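Only a predicted model underlies this, so the values are computations on that prediction, with no experimental measurement involved.
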Amino acid sequence: MKEQNKKIEYFLQSPFIKKGLWTLLSLLFLLIVWSVVCLIVGNEYLVPDLIQTLKVAMNLLGETSFWRAVLSTITRSLIAFASSFIIGGGFAVLAYVFPRFEKFFSPIISFFRSLPTMAVLLIILLWSNSSIAPIIVAGLVLTPMCYASVYSSLVRVDKELIEMSVVYRVPMIKRIKRLYLPSALPSVCGYGARNLSFALKLVVSAEIMSNTFQSIGGEMQFSALYDKTPLLFALTLFVFLSGYLLECLGLLGCKLFFSGGEKE
């Protein structure tokens with residue numbers, strides 16, 4: 001019995017559970033604020049009732065079209081994130097290994113950071129379709145962020161350890177495996193996990209603007225056009241929860257990966 005109580009206590013005191021509890025408290029606070037604002041406004045077309053919105057959300061869970069929209073949006077988000085991570089991370093490694101590349105890439109990265117997202121989306125829609133455009137737009141926004149994250153992680157690797165590995169002629173493969181990856185991966189993984197939710201938000205925003213068929217953004221555009229405010233709020237709630245879930249899964253994956261590496 002004591003051992004079981006100790007396990008329960010350890011489970012409740014774990015950082016992941018603590019974060020989840022604080023998140024639930026924050027969500028509860030936001031729901032209370034929502035209810036208060038709804039009572040003050042007194043107009044369901046501007047701020048729908050919380051109970052009504054939750055009923056609409058529950059109805060959505062039983063619709064096949066909704067789950068198709070969720071799957072397509074999350075798929076686009078993951079594709080955009082993965083492609084930007086590969087491209088941005090690849091350029092960051094080149095910039096770190098060859099300092100002249102860093103000087104060459106720096107103005108290009110600054111240019112992409114300053115691009116107006118909505119204007120770029122309209123241009124991309126001329127070249128592609130509403131299904132592909134959100135992926136490209138999200139990728140253009142995420143790539144500079146991935147580049148900066150990976151490059152800064154590599155720069156923070158201990159220079160004395162690098163010099164020592166060179167002096168003792170440690171093979172490059174061993175250096176990468178034993179020095180660079182353990183030093184850079186934790187911060188890179190942490191960044192990646194936290195920005196999965198940002199990728200989802202970018203894709204949904206682009207889907208709304210491009211009115212993408214069979215997507216969360218497209219459903220939100222439809223609900224706004226036909227004054228279905230409870231549906232719009234329900235979809236927004238799903239986007240928030242989906243983004244949080246993606247972030248939690250990413251952080252949990254990183255934690256399991258590094259804990260597994262330590263055991264080995």
Rounded to the nearest 0.5 Å, what separation is found between the [atom1] atom of [X] and the [atom2] atom of [Y]?
X: S242; Y: L200; atom1: OG; atom2: CG; result: 6.0 Å
X: L241; Y: L246; atom1: CG; atom2: CG; result: 11.0 Å
X: S84; Y: I135; atom1: OG; atom2: CD1; result: 11.5 Å
X: S35; Y: D49; atom1: OG; atom2: CG; result: 7.0 Å

Identify every side-chain donor-acceptor pair in residues 95-112 under 3.5 Å, counting partners at least two apart or on other chains, and give the distances.
{"residue": "S110", "atom": "OG", "partner": "S106", "partner atom": "O", "Å": "3.0"}

**Asked** For F222, what residues pass the side-chain contact (heavy atoms from CB on, under 4.5 Å) criterion, not counting sequence neighbours?
**Response**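 Listed in chain order: Y226, K228.
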**Prompt:** Is there side-chain contact between E247 and L196, with heavy atoms separated by less than 4.5 Å?
**Reply:** no
**Message:** I'd like to check W127 versus I136 (side-chain heavy atoms, cut-off strictly below 4.5 Å). Are they in contact?
**Reply:** no
**Member of L231, L237, L232 meeting the side chain to side chain contact (heavy atoms under 4.5 Å, CB included) criterion with L235** =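 Of L231, L237, L232, side chain to side chain contact (heavy atoms under 4.5 Å, CB included) with L235 is met by L231 alone.
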Hey, can you pull the donor-acceptor pairs under 3.5 Å for the side chains in residues 54-65, sequence neighbours left out?
{"residue": "N59", "atom": "ND2", "partner": "K55", "partner atom": "O", "Å": "3.2"}

**Message:** Show me the pairs that pass side chain to side chain donor-acceptor pair (under 3.5 Å) and involve residues 134-154, at least two apart or across chains.
**Reply:** S153-S187
**Request:** Could you pull out all residues at least two apart from F198 that satisfy ring-ring contact (aromatic ring centres under 6.0 Å, His included)?
**Result:**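 F198 satisfies ring-ring contact (aromatic ring centres under 6.0 Å, His included) with no other residue.
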Solution key, residues 201-216 side-chain donor-acceptor pairs under 3.5 Å, sequence neighbours excluded:
{"residue": "S205", "atom": "OG", "partner": "K201", "partner atom": "O", "Å": "2.9"}
{"residue": "E207", "atom": "OE1", "partner": "T73", "partner atom": "OG1", "Å": "3.1"}
{"residue": "E207", "atom": "OE1", "partner": "G217", "partner atom": "N", "Å": "3.1"}
{"residue": "E207", "atom": "OE2", "partner": "T73", "partner atom": "OG1", "Å": "3.2"}
{"residue": "E207", "atom": "OE2", "partner": "R76", "partner atom": "NH1", "Å": "3.0"}
{"residue": "S210", "atom": "OG", "partner": "A206", "partner atom": "O", "Å": "2.7"}
{"residue": "S210", "atom": "OG", "partner": "T212", "partner atom": "OG1", "Å": "3.0"}
{"residue": "T212", "atom": "OG1", "partner": "S130", "partner atom": "O", "Å": "2.7"}
{"residue": "S215", "atom": "OG", "partner": "T212", "partner atom": "O", "Å": "2.8"}
{"residue": "S215", "atom": "OG", "partner": "G218", "partner atom": "N", "Å": "2.9"}

